[in-house]
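Data first, discussion second: the structure below is written as structure tokens.
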There are 2 protein chains.
Amino acid sequence: MDRLRESGLADELSFLLARTNALSLAAGNVALAAHGLRVRSYSVLALAVSGERPSQRELADFLRLDPSQVVALIDELQADGLVERQPDPRDRRANVVVATDAGVRLHRVAHHAARAAEERLYSVLDEETQDRLAAILREIAFSSRG
Amino acid sequence: MDRLRESGLADELSFLLARTNALSLAAGNVALAAHGLRVRSYSVLALAVSGERPSQRELADFLRLDPSQVVALIDELQADGLVERQPDPRDRRANVVVATDAGVRLHRVAHHAARAAEERLYSVLDEETQDRLAAILREIAFSSRG
DNA sequence: TATTGTTATACTCTATAACTATA
DNA sequence: TATAGTTATAGAGTATAACAATA
């Protein structure tokens, strides 16, 4: 398989990104399964825990999900007693998503599990390179083009 | 939405990778649609064009797809006359996937389209940073952990 | 008129297991 | 016994359109 790295595809950022993301996603899902979460539900939980009181619309934009997918994810987390929808007093159309105490507790352990999986994958890079990677990705991920 | 960047999630490499990849994938699929391809079929075509004569198994490993998915992708490309399966004389179980002349021609224009989409997305980074990003991703994507 | 959340639907992608023919 | 390709199936993820309530 290694000789395929000589192909032009291996030079394309999109491909490298896709392959790296596939590895990261698989590792994350394995690590989170023990806690009844997947990468997507974990991400929603993490934002609910953040204290920023995101609306469902904000969650959809931030996570690059369709609003209808957010409905399903929150339904699931809510059924498990991890988050709840609260009416936004400033806009009666909107719900704000906040974590319950159980959600906060689960996030804590799930975060450690996810972090450990991340570490294993990224440990081929030194700390400084990991930080540099994060900085570069942040630029693309939140540029106006997205 | 921007205030969610203060949440801890925005510091996690997995999340940044997922969001960046989602943008890249969406842009790639839009750019390739005009040529009847998607990112995955384009990737297979690119490797078929490379001259490396990959087996289906090698394609699966390299693209991080299940071998059964590769079957479907090649069926599709073959039906469109873009690639063909050739028996591997050294292993009668294996097929080797090569591009037809039409496949080579389509790859050429599709490659330019994909490249243009990439450029738009990554143009927030200077050339040197793009190269650095590619180098870092290559390390993770092909480390033994994967 | 436009936006938030919701429901519904179709399509794509991912993951698994089992089968065949070869090795 | 193990591997390459194939078939089948179910579950997760993606994309679109339409609707009620509200702005």
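Hydrogens, waters and symmetry mates play no part in the numbers below; they use all other heavy atoms, side chains included.
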**Message:** ring-ring contact (aromatic ring centres under 6.0 Å, His included), that's the test. Do A/Phe62 and B/Phe15 meet it? Break it down for me.
**Reply:** CA-CA 10 Å; A/Phe62 196 68; B/Phe15 163 71; 5.1 Å; yes
**Complete:** Looking only at D/dG13, D/dA4, D/dT16, the nucleotide nearest the A/Asp66 side chain is D/dT16
**Request:** Map A/Leu73 and A/Arg90 onto DNA chain D by nearest heavy atom, then report which one ends up closer to the 5' terminus.
**Result:** A/Leu73
**Message:** Closest approach to the side chain of B/Arg40, judged atom by atom: which nucleotide of C/dG5, D/dA4, C/dC13 is it?
**Reply:** C/dC13
**Spacing between B/Asp75 atom CG and D/dG5 atom P, to the nearest angstrom** = 13 Å
**Request:** Return the 5'-most residue of the pair A/Ile74, A/Arg93 with respect to DNA chain C, ranking by each residue's nearest nucleotide.
**Result:** A/Arg93
**Asked** Taking C-beta and beyond as the side chain, do B/Glu84 and B/Val98 meet within less than 4.5 Å on heavy atoms?
**Response** yes
**Item:** Rounded interatomic separation in angstrom, taking CD from B/Gln78 and P from D/dT6
**Value:** 9 Å
**Request:** Counting heavy atoms from C-beta on, name the nucleotide in D/dT7, C/dT16, C/dT22 closest to the side chain of B/Val71.
**Result:** D/dT7
**Complete:** Taking for A/Asn29 and for A/Pro67 the nucleotide of DNA chain D with the nearest heavy atom, the one nearer the 5' end belongs to A/Asn29
**Request:** Answer yes or no: does atom CG of A/Asp126 have more than 12 heavy-atom neighbours from other residues, nucleotides or ligands under 6.0 Å?
**Result:** yes
**Asked** Less than 3.5 Å between a donor and an acceptor, one on the side chain of A/Ser68 and one on the base of D/dT16, is that the case here?
**Response** yes
**Asked** A/Gln86 CD to C/dG5 P: how many Å, rounded?
**Response** 14 Å
**Asked** So which one's nearest nucleotide on DNA chain C is more toward 5', B/Leu65 or A/Gln56?
**Response** A/Gln56
**Message:** Heavy atoms from C-beta onward define the side chain here; which of D/dA15, C/dA23, C/dT6 lies closest to that of B/Arg92?
**Reply:** C/dA23
**Prompt:** Heavy atoms under 4.0 Å, any strand shown: does B/Asp88 hit a base, just sugar-phosphate, or nothing?
**Reply:** nothing
**Request:** Would you mind reporting whether A/Asp11 and A/Leu16 have side-chain heavy atoms less than 4.5 Å apart?
**Result:** no
**Prompt:** Do any side-chain nitrogens or oxygens of A/Arg38 fall under 4.0 Å of OP1 or OP2 in C/dA15?
**Reply:** no
